[in-house]
Amino acid sequence: MEGARDAEALRRRRGGGARPPGRHHRRPHRNRSRRPVSPRRRRAGRLGRLRVPRARTLRARGLPPLGADSNRADAPDPGASLRGGPSDPGRSALRLAVAADRAPGAARVAAGLHPTVDRRVARVRGAAPGGHAAAHRRHAAPPRRLGRGGGMSARQAAPRLRYAPSPTGDPHVGNIRTALWSWLHARRYGGAFIVRIEDTDQARAVAGADERILASLRWLGLDWDEGPDAGGPHAPYVQSQRLPLYREAAERLIAAGRAYRCFDTPEQLAAMRSEQRAQGRPVGYDGRCRALSRESSDARASSGEPCVVRFRMPDDGSTAFRDAIRGDIRVENATLDDFVILKSDGFPTYHLAHVVDDHEMAITHVTRGDEWIPSTPRHVRLIEALGWTPPSYVHTPVILGPDGGKLSKRHGARSVLEYADEGFLPDALFNFLAITGWSLDDHTELISRDELIENFDIADLVPNPAVFDTTKLEWMNGAYLRTVDPARLADLFEERLAQDLSGRAALPLERPLVEATVPLARERIKRLSELAPLVDFLFTGEIVAPEPGTLLGKPYRGRRPEAERALGACCSALAALESWTSEAIEGALRALAAELDERAGSLFMLCRVAATGRPITPPLFETLELIGRERTLARLRSAQETLGA
RNA sequence: GCCCCCAUCGUCCAGGGGCCUAGGACGCCACCCUUUCAAGGUGGAAACGGGGGUUCGAGUCCCCCUGGGGGCACCA
């Protein structure tokens, strides 16, 4: 994979080998010799407490997490069937401790607050002969593909993760980051990555959006095993083509008394809400249609009266679920109202549709933005009522704009396709997205896809939201640009230049010239879009003649005649050159500067502006060589005339 | 209003109670290199939000506060 090569090359370039000492990859040795050991410290230490192992450690050993079944007050453990494998959170142990305060007994034990648990921890720790070092995930990483090595828990089936966008526009970077992480996790464990289009909102659907979603995925190099175009065992992968499934589920729930029809009009509901708000009461459906008899409900429905179907939430108790990166989360059922699962147009809501599809498609890890956390208890309850088993939940943190608010157009960057247009490389964006919210260790920034696949686990994501740091992305893109294979880079340059220079340069571009610009330009741009403004004068016939003021610049300000003469001398010297190479040009110009008793830099700048039209360019001599003798002389003479006029 | 989530340099990450005098990266500043601009090199400034606990010892565990974000649709 190209990305792998690039990152490796990058690393070498920065001065490292296999265990590279490059700037971004090695932590400098800290000088510890000066550290005084306080008496206090000496006294302390040695007997650290037994720790509750974290997910990474347990996972690395193929062990199930602690406290798996600990905090369900009144319902079967939602995540039970899918836990015990790689996705399981160690942070849950921490979270359990929180729960321990509210829930008695079991939770307290699971939280590691009970001696028996400490012993269990001790046993777990003792089980690894290597101790700390072996426990470190970098050394104990399970084999990448389950099928081959089997070092991972054999009980764990291959994971199936999905990206389920709704076709309302181009995928946002935050959104695609979740897809990317899901893809990475699936690839790491030899599972499947699935794409499913969630188009149950007819009003918000945007024509062509699904194709752009797939294009975004492709551009980033995220391939899918099953999807709307690829098909698969659970086809179709478009929700609007799966309506009977949802309807059937809704009817089953009605028949079982777990859901009911609701005939309230939107106006009635709005009135109810505003009244609730006015009275300072919790806002939510009050369940007034619960009381409808089955007979009248059926009759009204078959008479064609519009209605929705609502799920009947339990009135009391609480619902808990485990989030793979946050641990266990519990919500009082009283704070959740009876929500709509089937709309009056016959389409399901997200709640019903995703629950049905994720079950039917055997999704093991439900990955989605963390704005879904508050409604996850509804999903758990819905799944339970349907008689199914909940998946693992992974709520990914959001991406914020520089001001800490939602990322929007206002901040410049938004959709994946726009980044492509701006000249970012897919590998760079991929790398950047992958490590905002996750890290390999305390010093690796540049990391290839393959390395990511070998080390990524979705449960290791950080729980906190991240500000999208465009500046760092640009740095990273520049770093990638500087290391991609020159021939490949020439392809990228040619494509981009042809696009940006269309109408200004003859197409196709001269390939040798494009190739020659690669070493000159690659260290000077961060994005492909900066290329044309930097080197357009190499490809266009004419340049805009610089103003005298620009031409003179600082060195020749107020010395217009001298500048004019210098330019003339340059022309003669360059015209006399035997060979038109950067070395010969440099020799001639340096000699001329000495002869004219000018600072070399001053003369160079004069030539630079005269030949290119601008004060910032790639190195002068190489640039003149590429411009060619004829065009160089012509431009120099024209500049000379400008000054003489 | 009710509920949920989050909290280490400006920003992104390290940090599994003593190896923390809190590490890396981007950005910033200085210097070096230098024909401009970059790239590169060296060095520097820069953080545990506050208060209580637990502990011999807390950035790390618990609680409260504060701050930020999100949810409470026939949207996802």
Side-chain angles (χ1 to χ4, degrees), chain A residues 14 23-28 30 32 34-36 40-41 43-46 48-49 51-54 56-57 90 94 97-98 100-101 112 135 164-166 168 198 200-201 203-204 262 266 269 273 276-277 280-284 306 308 323 326 329 331-332 335-337 339-340 342-345 347 349-350 354 369-375 395 397-398 400 402 404-406 432 435-439 441-445 462-469 471-476 478 482 522-525 534 586 589-590 600-605 607-609 615-621:
Chain A
R14 288 179 178 276
R23 184 154 139 234
H24 308 286
H25 304 279
R26 182 214 37 168
R27 173 218 291 259
R30 269 184 286 142
R32 293 177 179 172
R34 279 181 304 146
R35 180 178 303 134
R40 238 180 147 192
R41 281 210 162 149
R43 209 179 328 114
R46 86 170 23 171
R49 282 266 186 65
R51 305 185 193 103
V52 176
R54 8 175 340 187
R56 289 174 175 182
T57 307
L94 312 185
V98 181
D101 240 51
S166 66
T168 51
E198 307 214 325
T200 56
D201 185 352
R204 291 205 312 156
C262 170
L269 295 173
R273 275 184 219 108
Q276 288 166 335
R277 246 181 272 275
R281 284 187 293 142
V283 177
V308 300
D323 178 87
R326 273 162 267 265
I329 295 170
V331 175
E332 295 300 318
T335 65
L336 271 12
D337 65 354
F339 56 100
V340 174
L342 205 62
K343 299 184 260 185
S344 57
D345 62 2
F347 277 66
T349 59
Y350 168 81
H354 98 273
D370 65 14
E371 69 271 21
W372 286 107
I373 290 177
S375 44
H395 290 101
V398 296
L400 272 20
K406 259 192 167 142
F432 179 77
I435 67 164
T436 108
W438 182 88
S439 72
D441 50 34
D442 66 349
H443 61 279
T444 304
E445 307 286 336
V462 300
N464 47 299
V467 170
F468 193 88
D469 188 353
T471 309
K472 183 164 181 176
L473 202 213
E474 292 202 328
W475 161 76
M476 188 170 282
R482 270 168 256 131
R522 73 181 327 172
E523 317 220 313
R524 277 161 250 271
I525 59 171
L534 182 69
E586 176 167 11
L589 292 182
R590 283 195 190 282
S602 304
L603 187 67
F604 296 165
M605 187 52 90
C607 289
R608 182 191 314 281
V609 177
I616 294 174
T617 71
L620 182 63
F621 317 119

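No experiment lies behind these values; they were computed from the predicted model shown. Below, chain A is the first sequence line, B the second, and so on; all start at residue 1.
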Whole Å only: how far is the [atom1] atom of [X] from the [atom2] atom of [N]?
{"X": "A:Glu332", "N": "B:C3", "atom1": "CD", "atom2": "C1'", "answer": "10 Å"}
{"X": "A:Phe339", "N": "B:C3", "atom1": "CZ", "atom2": "C1'", "answer": "16 Å"}
{"X": "A:Arg608", "N": "B:U36", "atom1": "CZ", "atom2": "P", "answer": "7 Å"}
{"X": "A:Phe432", "N": "B:A25", "atom1": "CZ", "atom2": "P", "answer": "16 Å"}
{"X": "A:Arg522", "N": "B:G40", "atom1": "CZ", "atom2": "C1'", "answer": "14 Å"}
{"X": "A:Trp475", "N": "B:C13", "atom1": "CH2", "atom2": "C1'", "answer": "12 Å"}
{"X": "A:Arg524", "N": "B:A38", "atom1": "CZ", "atom2": "P", "answer": "10 Å"}
{"X": "A:Trp438", "N": "B:A25", "atom1": "CH2", "atom2": "C1'", "answer": "15 Å"}

Please measure how far the [atom1] atom in [N] lies from the corresponding atom in [M], and state the result in whole Å.
{"N": "B:C37", "M": "B:C28", "atom1": "P", "result": "15 Å"}
{"N": "B:A76", "M": "B:A38", "atom1": "C1'", "result": "45 Å"}
{"N": "B:C3", "M": "B:A58", "atom1": "C1'", "result": "31 Å"}
{"N": "B:C20", "M": "B:C62", "atom1": "P", "result": "23 Å"}
{"N": "B:G43", "M": "B:C5", "atom1": "P", "result": "44 Å"}
{"N": "B:G71", "M": "B:U11", "atom1": "C1'", "result": "27 Å"}
{"N": "B:U34", "M": "B:G50", "atom1": "P", "result": "47 Å"}
{"N": "B:C33", "M": "B:A39", "atom1": "C1'", "result": "11 Å"}

Most 5' of A:Asn464 and A:Thr471 on RNA chain B, judged by nearest nucleotide: A:Asn464
Quick one: on RNA chain B, does A:Ile373 or A:Leu534 contact a more 5' nucleotide (nearest heavy atom)? A:Ile373
Under 3.5 Å on both distances, the Watson-Crick or G-U partner of [N]:
{"N": "B:C2", "answer": "B:G71"}
{"N": "B:C48", "answer": "none"}
{"N": "B:G40", "answer": "B:C32"}
{"N": "B:A7", "answer": "B:U66"}
{"N": "B:A22", "answer": "none"}
{"N": "B:G27", "answer": "none"}

Pick base, sugar-phosphate or nothing for [X], based on heavy-atom distances below 4.0 Å to the nucleic acid.
{"X": "A:Ile435", "answer": "sugar-phosphate"}
{"X": "A:Phe621", "answer": "base"}
{"X": "A:Thr617", "answer": "base"}
{"X": "A:Gly437", "answer": "sugar-phosphate"}

At under 4.0 Å between heavy atoms, how does the protein contact nucleotides 66-76 of chain B? Give one character per nucleotide, 5' to 3', with B, S or -. ---SBSSSBBB
Kindly give the atom pairs (protein nitrogen or oxygen, nucleotide nitrogen or oxygen) under 3.5 Å for nucleotides 9-11 of chain B.
none

Residues in side-chain hydrogen bond (donor to acceptor under 3.5 Å, both in side chains) contact with [X], at least two apart in sequence or another chain:
{"X": "A:Arg277", "value": "none"}
{"X": "A:Asp469", "value": "none"}
{"X": "A:Arg273", "value": "none"}

With A:Phe604, which residues qualify under ring-ring contact (aromatic ring centres under 6.0 Å, His included), at least two apart? A:Phe621
State, with a plain yes or no, whether a side-chain heavy atom of [X] is found less than 4.5 Å away from one of [Y].
{"X": "A:Arg524", "Y": "A:Pro619", "answer": "yes"}
{"X": "A:Pro465", "Y": "A:Val398", "answer": "yes"}
{"X": "A:His354", "Y": "A:Trp372", "answer": "no"}
{"X": "A:Val331", "Y": "A:Pro374", "answer": "no"}

For the atom pair [atom1] ([X]) and [atom2] ([Y]), what is the distance rounded to the nearest 0.5 Å?
{"X": "A:Thr436", "Y": "A:Met476", "atom1": "OG1", "atom2": "CE", "value": "10.0 Å"}
{"X": "A:Met605", "Y": "A:Thr617", "atom1": "CE", "atom2": "OG1", "value": "7.5 Å"}
{"X": "A:Phe468", "Y": "A:Phe432", "atom1": "CZ", "atom2": "CZ", "value": "5.0 Å"}

Counting just side-chain N and O atoms, does A:Arg590 come under 4.0 Å of either OP1 or OP2 of B:U35? yes
With no angle test and no hydrogens, is the base of B:G40 tied to the side chain of A:Glu523 by a donor-acceptor pair under 3.5 Å? no
Is any side-chain N or O of A:Arg326 under 3.5 Å from a base N or O of B:C5, one able to act as donor and the other as acceptor? no
Regarding A:Arg204 and A:Thr168, do their side chains bring together a donor and an acceptor under 3.5 Å, going by distance alone? no
Starting the side chain at C-beta, find the nucleotide from B:G23, B:C4, B:C12 nearest to A:Asp442. B:G23
